[in-house]
Amino acid sequence: MRDLRISVTDRCNFRCLYCMPKESFGADHAFLARPEVLRFDEIERVVRAAVSLGVRKVRLTGGEPLVRRNLEDLVGALAAIGGIEDLSLTTNGSLLATKARALADAGLHRITVSLDALDDPTFMRMNDVRFPVQRVLDGIAAAEAAGIGPVKINSVIRRDINELAVIDLAGNFRGTGTTVRFIEYMDVGTTNGWRLDDVVPSAEIVARINARWPLEPVPSEYRGEVAQRYRYVDGEGEIGVISSVSEPFCGDCTRARLSADGQLFTCLFAAAGHDLRGVLRAGATDADLTDALRAIWAGRDDRYSELRALQTVDGPRVEMSFIGG
Ligand code: SAM
């Protein structure tokens, strides 16, 4: 276990079609009640235990992590733990313009912003709450001004919805130091009506960009790196692709995920987690917590990405949890 991804809330202010669509996350959706959500001190204890077992990268996510009040306090507590080499945040960027300075001051190392289009009609169709793209771009600029740059961009490409964003995003961020990573649209359980036809395979994305600005592959830097990297031959930077659907990578996975209500998942897409909140609230000592984590990690056998690849050739359908919760 090297990477721990922590959902600090199950709530989000966007309703992206592929993630928390309004049909499933409407006004009557039952989000977690406050006592069900891990407190910052509980998250900090889990992180300390995970670091003692080898975790070096910690990423805060959600839901939308910046809707959790005073997130910078958690960032500050985690930044003070020795041994974390990479403390990062994944956000939709909507609140970043107001939060960037506090996050930087608290000790955040890096930010990834999800951005699926650069034109308002497409961006608003994806976020489904009429949120204008300029405010996200302002957030990215604020993060860079606060010294947490260069920001990385994550972009999910859906066939016929935002395919044009591939060239728009690549062109916009070429030469800026910001890397765009294109993520294959994944099945996240029953919430998003996933169809294989809606996936734009990474190979196609690379071919499109390469036809405009020639690319060459960059060797991966470490075991478990999920993005395949390419650089522009003319030296104007890099792009990445994450091929969870077309090219499985479970064998090298070193990641675990802690949900907002304290379930530890040993696969980002596993349907069932292990209840760490129960362990924490039953009065576990730090040693008990570390033992529980070690046992969960040793017992894992998830193969989401490999099974997904099998499914695309008529294998069984796999049940998965909501990606963000
Ligand atoms: N709200 C934050 C954000 O927008 O970055 C953090 C949580 S969001 C669930 C984390 C990442 O998961 C985003 O980059 C999002 O695009 C990606 N994601 C969500 N649903 C996805 C899907 N069905 N396929 C691929 N990526 C997905």
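Remark: side-chain polar atoms of N172 are not paired, donor with acceptor, to backbone N or O of D168 under 3.5 angstrom. Counting only distance, with no hydrogens or angles, the side chain of R277 and the backbone of E36 share a donor-acceptor pair below 3.5 Å. Between the side chain of N162 and the backbone N or O of A165, no donor-acceptor pair lies under 3.5 Å.
Between the side chains of S88 and D86, no donor-acceptor pair is found at a separation under 3.5 Å. Side chain to side chain, Q228 and S243 meet the donor-acceptor criterion of an N or O pair below 3.5 Å. When only modelled atom types and interatomic distance are considered, S114 and N92 share no side-chain donor-acceptor pair under 3.5 Å. In this model, a donor atom of one side chain and an acceptor atom of the other lie less than 3.5 Å apart for S202 and E184. Side-chain atoms of D116 and Y18 include a donor-acceptor pair closer than 3.5 Å. The closest side-chain donor-acceptor pair between T61 and T90, if any, does not fall under 3.5 angstrom.
Shown here are the ring pair (Phe, Tyr, Trp, His ring centres under 6.0 Å) partners of H109, two or more places apart in sequence or in another chain: there are none. Listed by chain and residue number, nothing satisfies the side chain to side chain donor-acceptor pair (under 3.5 Å) test with N70 (two or more places apart in sequence, or in another chain). D286 meets the side chain to side chain donor-acceptor pair (under 3.5 Å) test with R45; sequence neighbours excluded.
When every heavy atom of R56 is checked against every heavy atom of V51, the shortest pair comes out as NH1-O, 3.3 Å. When every heavy atom of L32 is checked against every heavy atom of R11, the shortest pair comes out as O-NH2, 2.9 Å. Shown here for A143 and I111, the closest heavy-atom pair between the two residues is CB-CD1, 4.2 Å. Taking all atoms of both residues into account, the shortest heavy-atom contact from L169 to V180 is O-CG2, 4.0 Å. E204 and E163 make their closest contact through OE2-OE1, 4.3 Å (heavy atoms, listed as atom of the first residue, atom of the second, distance). Scanning both residues, G62 and S7, for their nearest heavy atoms gives O-OG, 3.3 Å.
A side-chain hydrogen bond (donor to acceptor under 3.5 Å, both in side chains) check over residues 128-143, counting only residues at least two apart or in different chains, returns the pairs Q134-D138. Residue pairs that meet the salt bridge (Lys or Arg N to Asp or Glu O under 4.0 Å) test with at least one member in residues 62-81, sequence neighbours left out, are E72-K99.
Salt-bridge check for R281 with E42: passed, with a basic side-chain N closer than 4.0 Å to an acidic carboxylate O. Between E236 and R231, no side-chain nitrogen of the basic residue sits less than 4.0 Å from a carboxylate oxygen of the acidic one, so the salt-bridge criterion is not met.
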message: With side chain to side chain contact (heavy atoms under 4.5 Å, CB included) as the criterion, how do T266 and W297 come out once you've worked through the C-alpha distance, each side chain's angles and the decisive distance to 0.1 Å?
response: CA-CA 7 Å; T266 52; W297 189 253; 4.0 Å; yes
task: Go through the steps to decide whether L289 and V279 satisfy the test side chain to side chain contact (heavy atoms under 4.5 Å, CB included), and finish with yes or no.
output: CA-CA 7 Å; L289 191 57; V279 175; 4.2 Å; yes
- prompt: Are L38 and L276 close enough, and set up right, to give a side chain to side chain contact (heavy atoms under 4.5 Å, CB included), and what steps lead you there?
  reply: CA-CA 10 Å; L38 285 193; L276 281 186; over 6 Å; no
message: If you apply the rule side chain to side chain contact (heavy atoms under 4.5 Å, CB included), what do you find for L103 with L66, and how did you get there?
response: CA-CA 10 Å; L103 292 167; L66 296 184; 3.8 Å; yes
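With contacts defined as side-chain heavy-atom distances shorter than 4.5 Å, the pair L78/I81 qualifies. Counting only heavy atoms from C-beta outward, the side chains of E238 and V218 approach each other to under 4.5 Å. Put simply, the side chain of N127 does not reach to within 4.5 Å of the side chain of V133, judged on heavy atoms. Proximity of V55 to D3: side-chain heavy atoms (C-beta onward) are nowhere separated by under 4.5 Å. Within the 4.5 Å cutoff, the side chain of Y232 has no heavy atoms near those of the P214 side chain. Under the 4.5 Å side-chain criterion, counting only non-hydrogen atoms from C-beta, F182 is in contact with I209. Contact of the F123 side chain with the V136 side chain is registered, since non-hydrogen atoms from C-beta on lie closer than 4.5 Å. Residues V67 and L95 have side chains in contact (heavy-atom distance under 4.5 Å, counting atoms from C-beta outward).
Hydrophobic clustering of Ile, Leu, Val, Met, Phe, Trp and Tyr side chains at less than 4.5 Å, counting indirect connections, keeps M20 apart from M124. Residues I161 and L196 fall within the same hydrophobic cluster, defined by Ile, Leu, Val, Met, Phe, Trp and Tyr side chains chained together at heavy-atom separations under 4.5 Å. The cluster map of Ile, Leu, Val, Met, Phe, Trp and Tyr, joined by side-chain heavy atoms under 4.5 Å apart, puts V233 and V166 in different clusters.
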List the atom pairs, donor and acceptor, that lie under 3.5 Å between side-chain atoms in residues 146-157 and the rest of the protein, sequence neighbours left out.
unit_1 : atom_1 : unit_2 : atom_2 : d
N154   : OD1    : R181   : NE     : 3.3
N154   : OD1    : R181   : NH2    : 3.1
S155   : OG     : L115   : O      : 3.1

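Ring-plane geometry between H29 and F25 is classed as tilted, the angle between the planes lying from 30 to 60 degrees on a 0 to 90 degree scale.
Atom-to-atom distance recorded for I84:CD1 and R48:CZ is 8.5 Å, nearest 0.5 angstrom. I205 contributes atom CD1, which lies 10.0 Å from atom CD1 of I167 (distance to the nearest 0.5 angstrom). Distance check, rounded to the nearest 0.5 Å: CG of L96 to CG of L137 gives 11.0 Å. From T285, atom OG1 reaches atom CG of D288 across 3.0 Å, with rounding to the nearest 0.5 Å. Here the straight-line distance linking atom CZ of R229 with atom CD1 of I239 works out to 11.5 Å at 0.5 Å rounding. The CD atom of E85 sits 9.0 Å away from the CZ atom of R2 when rounded to the nearest 0.5 Å.
For R159 and Y185, the positive end is not near the middle of the six-membered ring at less than 6.0 Å and at most 45° from its axis.
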